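See structure below.
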Amino acid sequence: MIISYNFIFFKVIEMIKKISLIFIILIFSTGFAYAAQNINDLQIPNDFSGKKAEGQFFMPKAYDNPRFIIAEYNESSHDFENSTLYGFWPSGEKYIYFFSNHQVSDMGSIELVEMDGKKYTVSVLYASTVIDEDYLKDSLNYLKEFNTKNNLTPISP
């Protein structure tokens, strides 16, 4: 009789170990699923409010200045390339660029990030009639705050 109780006891312990292992694996896999970043869960800098427009996120601080825009990256677009409409130059931060259109009515900072296997441009856009160094510094700081809040690192365009 003693042997059968010991045998049952060890079998129960073995089963508890297996169930515990399965439970631990389940907890880790659930954690990884929740850790995956979704564009709808991004946190924007505190100075912005507004609604998400379809296909892109547009959060104005005030009526028109500045604008915080997140849009899916189009490989055939000319973002990050100097063209007849826009000029881009390094901001001093790795893979974050300043930009301005040649009429100097749009300026700001732009970066490229990757989430869930998709690439997105993130930009802070100011409307101004002159290139304003304060606007450029502010736009850069907004992107850095966005990256910190979302644990993102810009990638090379």
Side-chain angles (χ1 to χ4, degrees), residues 18-157:
K18 288 179 183 178
I19 290 172
S20 297
L21 180 62
I22 291 170
F23 185 67
I24 290 170
I25 291 171
L26 183 63
I27 288 173
F28 279 119
S29 61
T30 304
F32 286 126
Y34 281 108
Q37 194 145 25
N38 185 326
I39 190 160
N40 295 317
D41 299 329
L42 292 174
Q43 296 179 28
I44 58 170
N46 293 331
D47 288 350
F48 293 90
S49 63
K51 295 186 178 181
K52 300 172 187 175
E54 190 165 330
Q56 74 176 16
F57 292 59
F58 179 78
M59 292 87 168
K61 178 178 178 182
Y63 179 70
D64 64 345
N65 221 11
R67 289 170 264 178
F68 192 88
I69 304 166
I70 302 172
E72 195 164 339
Y73 180 62
N74 181 351
E75 296 287 340
S76 63
S77 72
H78 297 287
D79 292 333
F80 307 101
E81 297 175 10
N82 291 321
S83 66
T84 55
L85 294 178
Y86 282 92
F88 295 85
W89 65 97
S91 69
E93 293 289 324
K94 189 172 184 178
Y95 302 133
I96 300 178
Y97 300 89
F98 289 135
F99 67 87
S100 167
N101 71 351
H102 295 294
Q103 292 80 32
V104 194
S105 59
D106 292 337
M107 74 177 70
S109 296
I110 188 169
E111 67 182 0
L112 186 64
V113 296
E114 188 169 2
M115 291 174 289
D116 297 331
K118 292 183 180 177
K119 293 180 181 178
Y120 297 90
T121 57
V122 182
S123 59
V124 176
L125 173 71
Y126 281 88
S128 176
T129 55
V130 296
I131 293 181
D132 187 321
E133 292 294 323
D134 289 335
Y135 282 172
L136 293 177
K137 281 191 249 179
D138 286 347
S139 66
L140 178 62
N141 288 333
Y142 283 131
L143 288 183
K144 288 167 53 177
E145 179 183 345
F146 171 79
N147 292 338
T148 301
K149 282 184 166 204
N150 296 291
N151 197 24
L152 291 171
T153 303
I155 60 173
S156 175

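All of these numbers come straight from a predicted model, not from anything done at the bench.
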**Study point:** Test side chain to side chain contact (heavy atoms under 4.5 Å, CB included) applied to N82 and W89, step by step
**Key:** CA-CA 9 Å; N82 291 321; W89 65 97; over 6 Å; no
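- By the 4.5 Å heavy-atom criterion applied to side chains, L152 and L42 are counted as neighbours.
- Considering only heavy atoms from C-beta on, L143 stays 4.5 Å or farther from E93 through its side chain.
- What you find for T153 and V113 is that their closest heavy atoms are O-CG1, 4.3 Å.
- Nearest heavy-atom pair across Y135 and A127 is CE1-O, 4.3 Å.
- Contacts of E145 classified as side chain to side chain contact (heavy atoms under 4.5 Å, CB included), with partners at least two apart in sequence or in another chain: P45, N46, Y142, K149.
- Of all heavy-atom pairs between S91 and I96, the closest is OG-O, 2.7 Å.
- Not counting sequence neighbours, the partners of S139 by the side chain to side chain contact (heavy atoms under 4.5 Å, CB included) test are F98, S109, V124, Y126.
- Judged as a side-chain hydrogen bond (donor to acceptor under 3.5 Å, both in side chains), and not counting sequence neighbours, the contacts of N147 are E111.
- Distance CG/D79 to CD1/I110: 4.5 Å, rounded to 0.5 Å.
- Within the model, atoms CD1 of I70 and CD1 of I44 stand 7.5 Å from one another, a figure rounded to the nearest 0.5 Å.
- Here E81 pairs with H78 under the side-chain hydrogen bond (donor to acceptor under 3.5 Å, both in side chains) rule; sequence neighbours left out.
- A search for side-chain hydrogen bond (donor to acceptor under 3.5 Å, both in side chains) contacts involving D134 returns nothing, not counting sequence neighbours.
- With sequence neighbours excluded, the residues forming a ring pair (Phe, Tyr, Trp, His ring centres under 6.0 Å) with Y97 are F80, listed by chain and number.
- A donor-acceptor pair is defined here as one N or O able to donate and one able to accept, closer than 3.5 Å; such a pair exists between the side chain of N101 and the backbone of D106.
- Legend: residues meeting salt bridge (Lys or Arg N to Asp or Glu O under 4.0 Å) with K94, ordered by chain and number and at least two apart, are absent.
- With sequence neighbours excluded, no residue forms a salt bridge (Lys or Arg N to Asp or Glu O under 4.0 Å) with E114.
- For the side chain to side chain contact (heavy atoms under 4.5 Å, CB included) test, residues two or more places apart in sequence or in another chain that qualify with S83 are L85, Y86.
- Between the OG1 atom in T148 and the CD atom in Q43 there is a gap of 11.0 Å [rounded to 0.5 Å].
- Evaluation of the salt bridge (Lys or Arg N to Asp or Glu O under 4.0 Å) rule for E75 yields K119 as partners, not counting sequence neighbours.
- With sequence neighbours left out, the ring pair (Phe, Tyr, Trp, His ring centres under 6.0 Å) criterion links Y120 to no other residue.
- Taking the side chain to side chain contact (heavy atoms under 4.5 Å, CB included) definition, one finds that S156 meets it with Y95, sequence neighbours left out.
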